[in-house]
Number of protein chains: 2
Amino acid sequence: MAYPSPSRSGGPGTDGSRTVSSRLLALLDVFTAAQPQLTLSEISRLAGVPLSTAHRLLGELSAWGALERGADGRYRIGLKLWELGSLAPRGLPLREVALPLMEDLYEATHENVQLSVREGAAVVFVERICGRGAVPTLTRVGGRFAIHATGGGLVLLAHAPPEIQEQVLSETLQKFTRYTIDSPSKLRRVLAEVRLRGYALSDRQVTEDAFTVAAPIYGLSDEVVAALSLVVNHQGAEPAYLVPLVLSTARSISRLLGAPGSQHSEDARYLRN
Amino acid sequence: MAYPSPSRSGGPGTDGSRTVSSRLLALLDVFTAAQPQLTLSEISRLAGVPLSTAHRLLGELSAWGALERGADGRYRIGLKLWELGSLAPRGLPLREVALPLMEDLYEATHENVQLSVREGAAVVFVERICGRGAVPTLTRVGGRFAIHATGGGLVLLAHAPPEIQEQVLSETLQKFTRYTIDSPSKLRRVLAEVRLRGYALSDRQVTEDAFTVAAPIYGLSDEVVAALSLVVNHQGAEPAYLVPLVLSTARSISRLLGAPGSQHSEDARYLRN
DNA sequence: CGGGACGCTTCCACCAACCAGAAGGGCGGC
DNA sequence: GCCGCCCTTCTGGTTGGTGGAAGCGTCCCG
């Protein structure tokens with residue numbers, strides 16, 4: 001059990017972008033939400049792959065369906081890749097389980113409800129229900145954000161492996177507002193508090209008008225697999241009223257996922273291990 | 001303009017699974033909704049790639065984040081791939097535009113509302129709102145289905161390129177119920193009718209109790225990019241009442257996408273070309 | 001308690017698949 | 001009409017890829 005992660009011992013790929021696979025993946029890596037459609041030359045330049053090599057590899061990716069080409073010749077992410085991505089246990093399947101309960105929480109509050117997971121040292125938003133009249137948020141489904149600022153991020157970081165925490169604490173903490181935590185010692189205190197209380201509060205740390213309550217969601221192995229957060233306007237925010245709501249919904253989702261801390265762990269096939 | 005598709009001329013990859021890229025993609029291809037988590041040996045066998053080669057390539061994919069490993073060593077689709085897939089213009093971005101209008105349609109009917117696109121000769125479901133009391137459907141977001149049976153499939157096939165239509169007509173048409181179209185000539189007539197009327201009806205062709213109304217959604221270049229469908233119980237289904245509803249919603253979505261047939265094509269950045 | 005089967009990981013020498021420079025052609029902009 | 005940008009194709013040298021085999025650890029079953 002606990003197979004050591006393969007090719008840590010300086011195999012090919014460690015020394016830069018030398019292997020075919022790394023080039024292939026580098027080509028895919030240049031697509032972003034801001035630039036979802038790119039020409040061959042752009043991809044070649046951005047990925048640092050010679051033009052003719054990029055041309056050949058992109059041709060193979062397109063033939064398979066990972067990429068598509070528009071009538072103008074530009075490449076974009078193909079539907080096949082979307083289908084494949086929809087199989088990621090921490091993506092769509094997690095969303096499917098959590099969404100009904102998130103909707104209940106939305107009906108009770110009519111505020112923004114967000115579901116996020118941790119990927120390395122970043123937060124990734126898996127689902128989002130944004131109320132029409134609710135405070136606007138900067139997040140996007142499938143998008144990333146700095147982990148030290150958002151409410152969900154604080155929850156996920158507080159329960160992340162030590163090496164991830166040390167990594168975040170050792171890097172510069174980007175400031176979004178004057179309330180954003182930017183000192184490692186402060187962050188360390190906040191994380192301890194999050195672990196102690198079982199939820200996180202983020203008061204105007206991302207935008208000047210948002211107040212977030214976030215709670216951890218547990219999986220089969222009793223580890224934190226996701227975070228549920230509720231984003232309201234910081235004026236008139238009532239933590240005493242919001243915290244139990246978020247905690248309760250997060251617990252319900254954990255139970256559906258089969259978390260050991262909850263009884264009746266029926267039919268939990270998601271996020272095994 | 002209209003760059004010819006690359007490497008049609010018998011480049012590497014035509015002769016089988018010989019290139020590194022094709023092997024890499026073959027490894028990804030073995031993941032399905034039914035088998036979202038696989039061991040190294042399983043992947044190696046299913047993909048037809050030697051064990052040690054698979055091991056090395058899977059290691060690279062995991063290092064990049066395309067795959068993840070559970071504590072038991074099994075591989076699964078990673079969040080990075082989900083993030084990348086969420087950039088597919090025909091996936092999440094299309095969903096984002098269509099969802100509000102789909103919800104309006106759901107509120108008006110409380111029936112199943114589905115959004116699908118064509119990938120080759122198959123239908124892929126991009127979004128789905130299933131009413132609690134509505135008739136159950138076999139579809140899954142991110143899942144495929146036979147194009148000749150579903151309502152959305154008939155719409156998409158009716159407006160597909162001739163070679164796709166011929167391909168479907170020449171293959172065996174799988175039967176799901178006794179009402180499923182299984183004769184090429186019948187299908188040909190139905191497709192002509194769908195083009196003429198501008199919508200498709202599917203009466204118990206997938207399940208014994210479902211009746212579907214589907215309408216095309218047009219994109220920037222005035223081609224059909226998706227299909228909107230409403231699935232109701234076949235008993236008491238009122239096409240005269242349902243068809244205008246679906247057509248109207250589909251037209252609204254087309255307008256948001258910037259279809260030329262509709263005025264006020266404001267801010268249409270999706271599905272360009 | 002011991003044997004065997006299975007699965008993961010690592011190693012290495014051969015070799016062919018890949019790389020990248022250069023040339024060719026089409027389109028649009030100045 | 002000229003120039004520049006971008007895409008596409010071709011080719012020989014060489015570097016990264018291949019996969020058989022061996023080494024282990026684990027689990028199952030006798």
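Basis for what follows: all heavy atoms, side chains included, without hydrogens, waters or symmetry-related copies. A, B, ... follow the sequence lines: proteins, then strands. Residue 1 opens every chain.
Closest contact between the side chain of Leu40(B) and the listed nucleotides dT18(D), dC8(C), dT9(D) involves dC8(C). Relative to the side chain of Tyr75(A), the nucleotides dT8(D), dG17(D), dG19(D) differ in distance, and dT8(D) lies closest. In this structure, the nucleotide among dG17(D), dC8(C), dT8(D) sitting nearest to the side chain of Ser41(B) is dC8(C). Here dC6(D) is the nucleotide among dT9(C), dT8(D), dC6(D) with the atom lying nearest to any side-chain atom of Arg45(A). For Thr39(A), the listed nucleotide lying nearest its side chain is dC7(D); candidates were dC7(D), dG19(D), dT9(D). Among the nucleotides dG19(D), dC8(C), dC7(D), the one closest to any side-chain atom of Pro50(B) is dG19(D).
Taking only side-chain nitrogens and oxygens, Arg74(A) never comes nearer than 4.0 Å to OP1 or OP2 of dC7(D). Applying the 4.0 Å criterion to OP1 and OP2 of dG17(D), one finds that Arg23(A) has every side-chain N and O outside that range. An OP1 or OP2 oxygen of dT9(C) is reached within less than 4.0 angstrom by a side-chain nitrogen or oxygen of His55(B).
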For nucleotides 12-17 of chain C, give me every protein contact, N/O to N/O, under 3.5 Å, one pair per line with atom names.
none

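Formation of a donor-acceptor pair under 3.5 Å by the Ser170(B) side chain with backbone atoms of Glu166(B) is found in this model. A donor-acceptor pair is defined here as one N or O able to donate and one able to accept, closer than 3.5 Å; such a pair exists between the side chain of His148(A) and the backbone of Gln174(A). A distance-only check finds a donor-acceptor pair linking the side chain of Gln165(B) to the backbone of Ala160(B) [under 3.5 Å].
At a threshold of 4.0 Å, the pair Arg95(A)-Glu127(B) counts as salt-bridged, since one of the basic side-chain nitrogens sits closer than that to a carboxylate oxygen. A salt bridge links Arg144(B) and Glu83(A); the closest N-O separation between the charged side-chain nitrogens and carboxylate oxygens is under 4.0 Å.
For the pair Arg56(B) CZ and dG16(D) C1', the interatomic distance rounds to 9 Å; values are reported in whole Å. Per the geometry, CD1 belonging to Ile43(B) stands 16 Å off C1' belonging to dC6(C), to the nearest Å. Rounded to a whole Å, the CZ atom of Arg69(A) is 8 Å from the C1' atom of dC7(D). The CG-C1' distance, from Asp72(A) to dC7(D), rounds to 13 Å in whole Å. Rounded to whole angstrom, the span from the CG atom of Leu27(B) across to the P atom of dG19(D) amounts to 12 Å. Atom-to-atom, CG of Leu51(B) to C1' of dT9(C) comes out at 9 Å; the value is rounded to the nearest Å. Distance CG (Leu24(A)) to C1' (dG17(D)): 15 Å, rounded to an integer number of Å. For Glu42(B) and dG7(C), the CD to P distance is 8 Å, given to the nearest whole Å.
In this structure Phe145(A) satisfies the ring-ring contact (aromatic ring centres under 6.0 Å, His included) test together with Phe176(A), sequence neighbours excluded. By the salt bridge (Lys or Arg N to Asp or Glu O under 4.0 Å) test, Arg128(B) pairs with no residue at all, sequence neighbours left out.
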